[in-house]
Amino acid sequence: MNLPVEKGFDHTFDLLTEGYRFMQKRFDSSDTKVFETRLLGKKMICMVGRDAVELFYDPARFQRSRAVPKRVQKTLFGENGVQTMDGAAHHARKALFLSLMTEDRISFLHTLTLEQWRVRAQKWTTGQPVILFDEAEEVLCKVACLWAGVPLRESEVAKRAYDLGAMIDALGGVGPRYREGRNARIRTEDWIQSLIEEYRQGTIPHTGSALEAMATHRDENGNLLDSHMAAVELINVIRPIVAVARFVVFGMLALYQFPEEKIKLNHHGEHYMENFVQEVRRYYPFAPFLGAMAKTDFDWKGVQFKKGDTVLIDLYGTNHDPESWTAPDQFRPERFDEETVDMYNFVPQGGGNPATGHRCPGEDVTVTIMKASLSFFVNELDYEVLQGQDLSINMTRLPTLPASRMVIRKN
Ligand code: HEM
């Protein structure tokens, strides 16, 4: 196959202005699932679809070290964390994250999330508008810190939630949005690093928490992580819990856009709720794409990859690929009972096996928080969505949200 090559010197500007649709537009115009372009001054091969995800997650062909741009490490991920590791070192670090996700701790998380929404909603005045996204980031910041054993005073919640949110929001940001994310990361790393140090000095109690796990973890040579690295990894637990606020808002938007879903949730119980949150994660845009670097020269479906080539895999596009999904642009939770769903075609948080590769270790955490949050709104709160707000989703912004951040009011 001849690899379609996009003409022009560099298309970074197009990526930043076209967002989630950048790759899809080019797959459609060349009628392929792979093309070559230039981004950040480098040749990049863009791919979409189940088979491409399977290739992308083959550790014999791709590595992550040197594939994650520094600007993403300085905002979203933190420098030299688990996302940039390969091989045995990655495996050991990943096991640390997965060890936090026991059944007991997930069930504790469900309880915490419900409790924190109840406490928060008590503070809302009947009839007064509340911006759901901002509320969700603060509620989930408290949940994240309680769950991870991170001490947090009530007076600090807004500030810490803002910083954790700003790191996520910096994803496709340039100029002020990027700088805001970088400064938020510096402040957050200082805060969490000092807690790691306090824990090691014995001034924070042992609670079997993520804080304890990161502070006491030893690498393959038996050494403790330095306190900065331990902080980066602990932030890799609390920041993404705050990020779930975006999926909670999308779930609430789905309840509003598809009112029959609320009725089905009331009638069909737990199993339907599971399908509903999975469909929210598939349907709405969040993680756009991922990058990796070819370790060797190889041929795949007639396309030549050279050692050092960077590839980008389109996650949003794969979740909407008509070769994997029937009517992918329809919101239909039932599809999770009817269609073939596997670790390469359903990739809202990356693909492949989380235990052996880079797929997100936080999917159970995400689904649990979504279920607890949505069940609170469906079963416990009488609310309405404010009329006249702009709920449109700007697909050119990475990451995106409904424009109004979803305004509701308690009845
Ligand atoms: C809003 C929900 C979330 C989304 C959209 C999301 C998305 C992702 C994506 C796309 C990746 C990259 C996968 C790859 O590189 O192949 C990832 C990795 C990761 N996620 Fe999540 N995630 C979410 C929630 C969580 C939660 C709740 C946690 C932890 C409590 C978490 C912890 C991590 C970690 C530690 C990694 C790095 C894994 C590795 O490199 O091996 N994420 N996530």
Side-chain angles (χ1 to χ4, degrees), residues 53-54 56-59 62-65 67-68 72-73 76-78 80-87 89-102 105-106 109 113 133 136-137 140-141 143-145 147-148 150 164-165 167-169 171 209-211 213-214 232-251 277-278 280-282 284-293 311-316 318-319 343-344 346-370 373 398-401:
V53 172
E54 196 166 1
F56 181 89
Y57 280 93
D58 178 352
F62 290 103
Q63 65 181 49
R64 296 304 178 89
S65 83
V68 182
V72 176
Q73 295 190 44
L76 188 65
F77 288 169
N80 308 319
V82 60
Q83 298 91 344
T84 62
M85 300 169 88
D86 292 297
H90 173 254
H91 206 257
R93 189 69 60 83
K94 190 64 174 283
L96 166 63
F97 284 92
L98 290 166
S99 72
L100 305 171
M101 315 300 176
T102 60
R105 295 203 49 80
I106 296 286
L109 181 66
T113 309
F133 177 65
E137 282 203 322
L140 295 186
C141 176
V143 168
C145 290
W147 191 68
V150 169
L164 292 160
M167 288 183 233
I168 301 155
D169 203 47
L171 176 62
S209 61
L211 169 66
M214 298 306 170
V232 165
E233 299 298 30
L234 184 53
I235 295 168
N236 272 330
V237 174
I238 60 175
R239 183 206 65 247
I241 290 181
V242 172
V244 181
R246 289 173 185 265
F247 276 147
V248 170
V249 167
F250 283 134
V277 300
Q278 299 299 42
V280 169
R281 294 198 306 140
R282 185 198 69 84
Y284 290 99
F286 192 175
F289 48 78
L290 291 167
M293 188 185 284
V311 299
L312 295 181
I313 186 79
D314 183 353
L315 299 178
Y316 177 76
T318 301
N319 284 336
M343 57 193 184
Y344 298 114
F346 180 48
V347 291
Q349 295 176 218
N353 181 340
T356 54
H358 279 273
R359 189 184 187 113
C360 179
E363 289 191 285
D364 283 354
V365 166
T366 304
V367 164
T368 299
I369 293 172
M370 290 173 73
S373 303
L398 301 176
T400 192
L401 267 180

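Order of appearance sets the numbers: ligands from 1, and atoms from 1 within every ligand.
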Between [options], which one has a non-hydrogen atom sitting closest to [atom]?
{"atom": "atom 23 (C) of ligand 1", "options": "H91, R281, Q349", "value": "Q349"}
{"atom": "atom 5 (C) of ligand 1", "options": "F286, W147, F56, F289", "value": "F286"}
{"atom": "atom 38 (C) of ligand 1", "options": "M85, H358, R239", "value": "H358"}
{"atom": "atom 33 (C) of ligand 1", "options": "P288, P361, A292", "value": "P361"}
{"atom": "atom 26 (C) of ligand 1", "options": "A144, A67, P240", "value": "P240"}

task: Give the atoms of ligand 1, by number and element, whose distance to some non-hydrogen atom of V365 is under 4.0 Å.
output: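 Numbered from 1, ligand 1 contributes 27 (C).
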field: Y57 neighbourhood, listing ligand 1 atoms whose heavy-atom distance to it stays under 4.0 Å
entry: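 Those of ligand 1 that fall under 4.0 Å from Y57 are 13 (C), 14 (C), 16 (O).
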Minimum heavy-atom distance between H358 and M85, given as atom pair plus value: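 Closest pair (atom of H358, atom of M85, distance): NE2-O, 3.0 Å.
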task: Would you please indicate yes or no on a ring centroid separation below 6.0 angstrom for Y57 and Y344?
output: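 Between Y344 and Y57, the centre distance exceeds or equals 6.0 Å.
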task: For the pair Y284 and F250, name the ring-plane relationship: parallel under 30°, tilted 30 to 60°, perpendicular over 60°.
output: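 Judged by the thresholds at 30° and 60°, the geometry between Y284 and F250 is parallel.
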query: Can you tell me if T84 and Q73 form a side-chain donor-acceptor pair at under 3.5 Å?
result: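 Side-chain D/A pair, T84 to Q73: absent.
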- prompt: Side chain, backbone, both or neither: which part of C360 comes within less than 4.0 Å of ligand 1 when only heavy atoms are counted?
  reply: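 Both backbone and side chain.
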